[in-house]
2 protein chains.
Amino acid sequence: MRLGQARPLALTKGIPSPRRNLALTKPIPDPRHTLTLRDVSEASGVSEMTVSRVLRNRGDVSAPTREKVLEAARALGYVPNKIAGALASQRVNLVGVVIPSLSNMVFPEVMTGISAVLDGTGLQPVVGVTNYQPDREESVIYEMLSWRPSGMIIAGLEHTDAARAMLARAGIPIVEIMDIDGDPINHAVGISHRRAGRQMAEAILAAGYRRIAFLGTQMPNDHRAKKRLAGFEEALAKAGQSLVDREYYSGGSALLKGREMTAAVLARSPDVDFLYYSNDMIGAGGLLHCLAAGLDVPGKIGLAGFNGVELLDGLPRKLASMDACRLEIGRRAAQLIADAPAEAQVTELFPTLQAGDTIRG
Amino acid sequence: MRLGQARPLALTKGIPSPRRNLALTKPIPDPRHTLTLRDVSEASGVSEMTVSRVLRNRGDVSAPTREKVLEAARALGYVPNKIAGALASQRVNLVGVVIPSLSNMVFPEVMTGISAVLDGTGLQPVVGVTNYQPDREESVIYEMLSWRPSGMIIAGLEHTDAARAMLARAGIPIVEIMDIDGDPINHAVGISHRRAGRQMAEAILAAGYRRIAFLGTQMPNDHRAKKRLAGFEEALAKAGQSLVDREYYSGGSALLKGREMTAAVLARSPDVDFLYYSNDMIGAGGLLHCLAAGLDVPGKIGLAGFNGVELLDGLPRKLASMDACRLEIGRRAAQLIADAPAEAQVTELFPTLQAGDTIRG
DNA sequence: ATGAAAGCGCTAACAA
DNA sequence: TTGTTAGCGCTTTCAT
């Protein structure tokens with residue numbers, strides 16, 4: 001006789017299911033029920049506690065017991081419930097990674113660096129994308145923190161006040177990456193974009209270019225591009241120079257936009273002798289335009305971008321650029337999460353300027 | 001602003017902390033303690049249950065009570081604990097997305113489609129990357145399932161037996177994407193790569209090319225590229241033709257590799273009149289090589305790739321390609337997770353062939 | 001080496 | 001409209 005017969009199935013839709021296990025009610029074995037430790041325990045005849053120990057390689061368990069458990073777990077196809085485990089142990093092996101975009105070429109490489117280091121630690125990265133929108137970033141951060149990750153890695157130093165506050169009081173290591181020109185919440189790993197802009201300007205001036213134009217994508221929230229431009233103009237000013245033209249575009253294929261922007265600038269300011277781009281993709285488009293137009297690169301006109309995008313190796317000329325240390329940034333950030341040093345650390349990396357074939361030298 | 005010490009995993013390391021709240025022991029108010037519903041409850045003078053209702057916009061709560069609660073939560077900076085919530089409610093708003101690579105250009109676009117649809121549903125994508133390694137895929141799937149997501153989206157139809165078994169018995173909607181040439185676990189959304197290869201071959205033959213070479217990246221686990229090639233050769237065979245040469249490469253910048261491979265093939269088989277590439281990036285490299293070498297494209301030699309990569313718009317010529325319907329695949333897959341239809345569905349999409357400027361016509 | 005009991009922070013179900 | 005109670009599935013602690 002089964003008292004259980006009268007009890008509604010847990011999975012039966014529409015019938016209110018009591019949550020408690022009534023003492024006299026054997027749970028009806030549902031073939032589609034998600035397996036629990038208890039199932040493995042019953043199948044192997046070992047207590048739940050010992051099963052748990054085996055599955056986590058914790059504590060001392062005799063070899064035969066271990067075998068029984070592992071076989072039962074395998075046979076059943078048991079997948080542990082990390083939600084319950086995390087709640088009980090107060091420990092979550094997740095690291096939140098918040099980045100503005102995946103199509104940017106830059107961030108996949110940062111991810112590679114992060115994964116490379118985390119792989120050895122049992123920590124797992126979880127990616128969130130903000131599309132360069134501060135309010136979206138705030139909600140991504142909120143969602144992530146609500147899973148109580150072991151650490152957070154976030155691109156940039158600019159966030160909403162609420163986001164900063166949440167991160168600051170989360171009680172976990174926070175690493176802001178890519179940029180160090182600002183005030184970090186906790187740790188920071190990156191380069192000085194201001195300095196990078198300055199260095200590029202100095203190199204361009206040193207090569208003798210004087211009529212310099214800037215071409216950038218219109219990204220109100222790309223603070224790093226802004227800082228590079230600020231540093232660039234600062235260095236020009238110091239040399240008594242200033243930009244002779246500037247052009248902004250948004251949307252679409254970067255390569256194509258680069259061509260169009262470049263054509264527009266050259267039409268408007270035929271006497272420019274250098275084109276400084278906010279990133280390599282539009283720079284590459286500009287380079288293709290200049291070559292197609294038969295301009296003398298880098299003799300009469302020079303070009304430079306930013307990022308050192310390897311993807312573009314293979315173009316007719318190698319665009320001058322600066323490596324943003326993406327891989328290393330990812331590695332160091334992950335290492336900080338893994339080590340969780342007590343003291344906040346700011347790690348500045350130093351990009352190298354690659355003159356390529358588009359700055360005369 | 002800076003954080004102090006990262007919170008130790010167990011709040012008080014070294015001091016054996018009793019887990020139970022002994023009736024007479026007031027918990028010591030730790031300023032760095034992670035906030036709970038109880039804290040908000042105490043701060044607002046409202047029961048935990050009602051606080052919970054307010055924070056989830058559930059059930060009827062009077063306006064004044066709601067206000068009190070929201071203000072207390074905001075003032076404290078409370079971030080809910082989704083781990084506990086998920087365990088109690090048996091519901092997790094996460095969707096696992098398992099893809100081979102982020103640098104492939106293809107997958108970010110799939111992600112865009114997925115996000116666009118999920119954004120309206122309260123579900124959140126969580127990305128896992130496998131680097132085209134089956135065992136890595138298996139472990140990524142295992143990790144994800146252990147968080148009990150509401151659904152899984154996985155690139156490809158080929159998985160380890162263990163991975164298939166886990167997915168099949170997870171009791172959640174599973175969508176295998178990109179490819180429909182095979183046996184889906186549950187739902188599938190994608191194109192027939194076999195057919196895509198066939199179509200491209202037919203178009204090439206129709207344009208009169210006869211001495212055709214294949215150039216691909218060496219990726220033992222890129223099953224979709226393999227299927228395209230199989231379909232391609234099948235169509236050649238049907239027309240009494242076969243590949244006159246083939247070349248494989250691995251690693252490095254795709255653009256550069258494309259150039260090198262192309263140079264190698266042309267040196268070895270100077271009489272080829274068509275180069276069929278396994279993807280657009282190496283195809284673009286090949287195109288740049290051909291143009292630099294002064295070859296007559298598409299008159300004497302034609303080229304084609306695969307994917308319809310928009311990024312490459314802006315090259316001197318538009319490479320012939322086929323759109324892989326990435327955005328739409330992402331959208332449909334997400335919709336299937338959101339709708340969770342009882343019946344397994346296979347959705348075939350049909351890529352369009354873009355002849356571009358590199359097939360004569 | 002193994003087991004029993006309590007409870008992690010929240011929410012479903014029920015009661016008031 | 002609000003509160004009370006009993007778990008969700010696991011791990012910590014402590015006992016054996």
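At the phosphate of D/dG3, OP1 or OP2 sits under 4.0 Å from a side-chain N or O atom of B/Ser47. Regarding contacts with the backbone of D/dG9, a side-chain N or O of B/Gln90 is found under 4.0 angstrom from either OP1 or OP2. One finds no side-chain N or O of B/Thr36 lying less than 4.0 angstrom from the OP1 or OP2 phosphate oxygen of C/dG9. OP1 or OP2 of C/dC8 has not a single side-chain nitrogen or oxygen of A/Ser89 nearer than 4.0 Å. Side-chain N/O atoms of A/Thr65 include one lying less than 4.0 angstrom from OP1 or OP2 on C/dT2.
Within 6.0 Å of atom CD in B/Glu71, 12 or fewer heavy atoms from other residues, nucleotides or ligands are found, so the atom counts as exposed in its surroundings.
Following rounding to the nearest Å, B/Arg38 (CZ) and D/dT4 (P) show an atom-to-atom distance of 12 Å. At whole-Å resolution of the value, CZ in A/Arg91 and P in D/dC10 are 17 Å apart. Between A/Leu87 atom CG and D/dC8 atom P the separation is 13 Å, expressed in whole Å. C/dC10 atom P lies 13 Å from atom CH2 of A/Trp147, rounded to whole Å. A/Arg148 places its CZ atom 11 Å from the C1' atom of C/dC10, with the value rounded to the nearest Å. Note: CZ (A/Arg56) to P (D/dC10) measures 11 Å, nearest angstrom. In this structure, A/Arg58 places its CZ atom 9 Å from C1' of D/dT11, rounding to the nearest Å. Per the geometry, CZ belonging to A/Arg66 stands 10 Å off P belonging to C/dA1, to the nearest Å.
In terms of the salt bridge (charged side-chain N to carboxylate O under 4.0 Å, His left out) criterion, residue partners of B/Glu42 (sequence neighbours excluded) are, by chain and number, B/Arg38. Taking the salt bridge (charged side-chain N to carboxylate O under 4.0 Å, His left out) definition, one finds that A/Asp119 meets it with B/Arg136, sequence neighbours left out.
Here C/dA1 is the nucleotide among D/dC10, C/dA1, D/dT12 with the atom lying nearest to any side-chain atom of A/Asp60. Among D/dT12, D/dC10, C/dA12, the nucleotide with an atom closest to any side-chain atom of A/Met49 is D/dT12. Among D/dT11, C/dG9, C/dT2, the nucleotide with an atom closest to any side-chain atom of B/Ala88 is C/dG9.
Between the side chain of B/Ser115 and the backbone N or O of B/Thr112 there is no donor-acceptor pair closer than 3.5 Å. Not one N or O on the side chain of A/Ser44 forms a donor-acceptor pair closer than 3.5 Å with the backbone of A/Lys68.
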Sequence neighbours left out, cut at 3.5 Å: what donor-acceptor pairs do the side chains of residues 334-345 of chain B make with other protein atoms?
{"unit_1": "B/Gln335", "atom_1": "NE2", "unit_2": "B/Asp339", "atom_2": "OD1", "d": "3.2"}

Please table the atom pairs, donor to acceptor, closer than 3.5 Å between any side-chain atom in residues 143-151 of chain B and protein atoms at least two apart or in another chain.
{"unit_1": "B/Glu143", "atom_1": "OE1", "unit_2": "A/Lys82", "atom_2": "NZ", "d": "2.8"}
{"unit_1": "B/Ser146", "atom_1": "OG", "unit_2": "B/Glu143", "atom_2": "O", "d": "2.6"}
{"unit_1": "B/Arg148", "atom_1": "NH1", "unit_2": "A/Val79", "atom_2": "O", "d": "3.4"}
{"unit_1": "B/Arg148", "atom_1": "NH1", "unit_2": "A/Pro80", "atom_2": "O", "d": "3.3"}
{"unit_1": "B/Arg148", "atom_1": "NH1", "unit_2": "B/Leu145", "atom_2": "O", "d": "3.0"}
{"unit_1": "B/Arg148", "atom_1": "NH2", "unit_2": "A/Val79", "atom_2": "O", "d": "2.7"}
{"unit_1": "B/Ser150", "atom_1": "OG", "unit_2": "B/Val92", "atom_2": "O", "d": "2.3"}

Please list, one pair per line, the donor and acceptor atoms closer than 3.5 Å that link side chains of residues 48-61 of chain A to other protein atoms, with sequence neighbours excluded.
{"unit_1": "A/Thr50", "atom_1": "OG1", "unit_2": "A/Ser47", "atom_2": "OG", "d": "3.2"}
{"unit_1": "A/Ser52", "atom_1": "OG", "unit_2": "A/Arg56", "atom_2": "NE", "d": "3.2"}
{"unit_1": "A/Ser52", "atom_1": "OG", "unit_2": "A/Arg56", "atom_2": "NH2", "d": "2.9"}
{"unit_1": "A/Arg56", "atom_1": "NE", "unit_2": "A/Ser52", "atom_2": "O", "d": "3.3"}

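Within 3.5 Å, a donor on the side chain of A/Arg53 pairs with an acceptor on the base of C/dG3, or the reverse.
Checking B/Thr50 against A/Ala84, the closest nucleotide of DNA chain D that is more toward the 5' end is the one next to B/Thr50.
Of all the residues in residues 67-82 of chain A, not one reaches under 4.0 Å from DNA chain C with any non-hydrogen atom.
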